[in-house]
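Scroll down for the structure; my scribbles are underneath it.
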Amino acid sequence: MTPAPDGPELDVEQEIDFGRYWNALVARWWLPVVGIVAGAIIGYLVTLSSNSTYKATAQVYLGTPLAVGGAAPVTSAPTNLGLVSNLVTAESSLKAAAARAGLKVGRLRGHVTTKALTGITGAKLGTPAPLLSITVTGSPPAKIARASNALADIVVKRVSPYAQAKIQALTDQLTYDDDQLQGLTDRLATARQAQAQILSAKSIGATDKLVSLGNLNSVITLALQQLNTLSQDRFEVRQELALARDVEASSVISPAAPVPTAGPSKRTGAVVGGLIGLVVGLLAAVFWDPVAARVRPTPAY
């Protein structure tokens with residue numbers, strides 16, 4: 001019969017192996033120490049040499065377009081935050097922004113984020129306002145700020161045609177009212193001047209004066225009525241124009257400025273480097289003798 005394997009002999013061999021490893025560590029204790037110091041220094045230097053990352057955020061007011069002659073909001077691009085977010089990250093927008101910022105478009109892909117800003121009422125979140133933040137991360141700082149501002153300008157240009165057309169129409173109407181008011185003012189001044197001349201003229205008979213003054217009074221009365229109507233219309237147009245410019249039209253309310261983001265911690269880099277150096281040092285101490293025995297040349301006899 002074949003004798004059973006001797007268990008205690010295996011335990012002895014394992015104890016011998018662990019003892020050999022421990023003796024190797026004790027004999028070359030300086031290797032783990034050197035590994036810790038070297039790893040910590042390398043980890044610290046790596047954190048110092050790592051490129052800083054910046055972020056730049058531009059905030060855009062998308063506008064609240066209103067129906068002509070009323071206060072009802074119009075459903076359009078500015079009221080659809082999802083549509084505008086897709087516009088910001090579209091390839092055509094990234095290419096245009098990259099060209100204006102002097103960057104390669106690959107530096108913007110995956111580095112542009114948008115966020116709808118919501119109002120806060122007490123402890124509850126309000127409905128999303130027509131406000132959108134556009135954030136670009138990367139480097140160099142000046143170029144990513146230009147890229148964020150370029151994307152904001154693209155959004156303003158794309159979502160504001162209706163508001164801009166309304167502003168132009170109101171501006172034209174205000175110019176027309178101003179011209180009409182100037183014409184009526186001149187006509188009124190001429191009629192009053194003629195009225196004064198007739199009253200002071202001695203060569204005109206009483207009957208002719210009454211007829212002429214009656215005609216001039218009619219002209220003056222009509223001019224005053226038209227002047228009052230145009231002044232009221234001009235007042236309303238100016239209010240609508242202010243509403244269109246300040247409320248309905250989109251604009252960049254906060255241009256982007258570069259801000260450094262939290263980079264890798266120097267302490268963390270040193271700790272991680274030290275741990276890696278410790279592991280390398282332990283392995284070097286344990287396997288120093290076997291490796292040295294293999295690479296040591298065999299003496300010739």
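By the 4.5 Å heavy-atom criterion applied to side chains, S139 and T53 are not counted as neighbours. The side-chain heavy atoms of S251 and V60, taken from C-beta on, include no pair separated by under 4.5 Å. L131 is listed as a side-chain neighbour of I253, based on a closest heavy-atom distance under 4.5 Å. Between S250 and V159 there is a side-chain heavy-atom pair separated by less than 4.5 Å. Residues R245 and I167 meet the side-chain proximity criterion, which asks for heavy atoms closer than 4.5 Å. Looking only at side-chain heavy atoms (C-beta outward), Q180 and R234 stay at 4.5 Å or farther from each other. Residues I144 and T137 fail the side-chain proximity criterion, which asks for heavy atoms closer than 4.5 Å. For the pair T114 and T135, the minimum side-chain heavy-atom distance is 4.5 Å or more.
Between P130 and G63, the shortest heavy-atom contact is CB-O, 3.7 Å. Nearest heavy atoms, A97 versus I154: N-CD1, 4.3 Å. Residue I220 comes nearest to A191 through the heavy atom pair CG1-CB, 3.6 Å, listed as atom of the first residue, atom of the second, then distance. Here the closest heavy-atom approach between residue L151 and residue S93 is recorded as CD2-O, 3.7 Å. Closest approach of R146 and R100 over heavy atoms only: NE-O, 4.1 Å. The two residues A256 and A145 make their nearest non-hydrogen contact at CB-O, 3.9 Å.
Hydrophobic clustering (side-chain heavy atoms under 4.5 Å, transitive across Ile, Leu, Val, Met, Phe, Trp, Tyr) keeps V280 apart from I36. Each of L66 and V237 belongs to its own hydrophobic cluster when Ile, Leu, Val, Met, Phe, Trp and Tyr are linked at side-chain heavy-atom distances under 4.5 angstrom. Using a 4.5 Å cut-off between side-chain heavy atoms of Ile, Leu, Val, Met, Phe, Trp and Tyr, with links allowed through other members, F235 and L224 fall into different hydrophobic clusters. Criterion: ILVMFWY side-chain heavy atoms under 4.5 Å apart, direct or through other members. Under it, V105 and V112 are part of a common hydrophobic cluster. Using a 4.5 Å cut-off between side-chain heavy atoms of Ile, Leu, Val, Met, Phe, Trp and Tyr, with links allowed through other members, L184 and L188 fall into the same hydrophobic cluster.
Taking CD of Q173 as the start and CG of D178 as the end, the distance is 11.0 Å to the nearest 0.5 Å. In this structure, the separation between CD on E248 and CG on L170 is 8.5 Å, given to the nearest 0.5 Å. Distance check, rounded to the nearest 0.5 Å: CD1 of I134 to CD of Q59 gives 10.0 Å. The NZ atom of K166 sits 14.0 Å away from atom OG of S160, with the distance rounded to the nearest 0.5 Å. Taking NZ of K55 as the start and OG of S148 as the end, the distance is 11.5 Å to the nearest 0.5 Å. Atom CG of L174 is separated from atom CG of L241 by 6.5 Å, given to the nearest 0.5 angstrom.
Using a distance-only test at 3.5 Å, with no hydrogens or angles considered, no donor-acceptor pair links the side chain of Y61 to the main chain of L132. The backbone N or O of T229 sits nowhere less than 3.5 Å from a side-chain atom of D233 that would complete a donor-acceptor pair. Between the side chain of D177 and the backbone N or O of L230, no donor-acceptor pair lies under 3.5 Å.
Side-chain atoms of D172 and Q168 include a donor-acceptor pair closer than 3.5 Å. Donor-acceptor pairing under 3.5 Å is recorded for the side chains of D186 and Q182.
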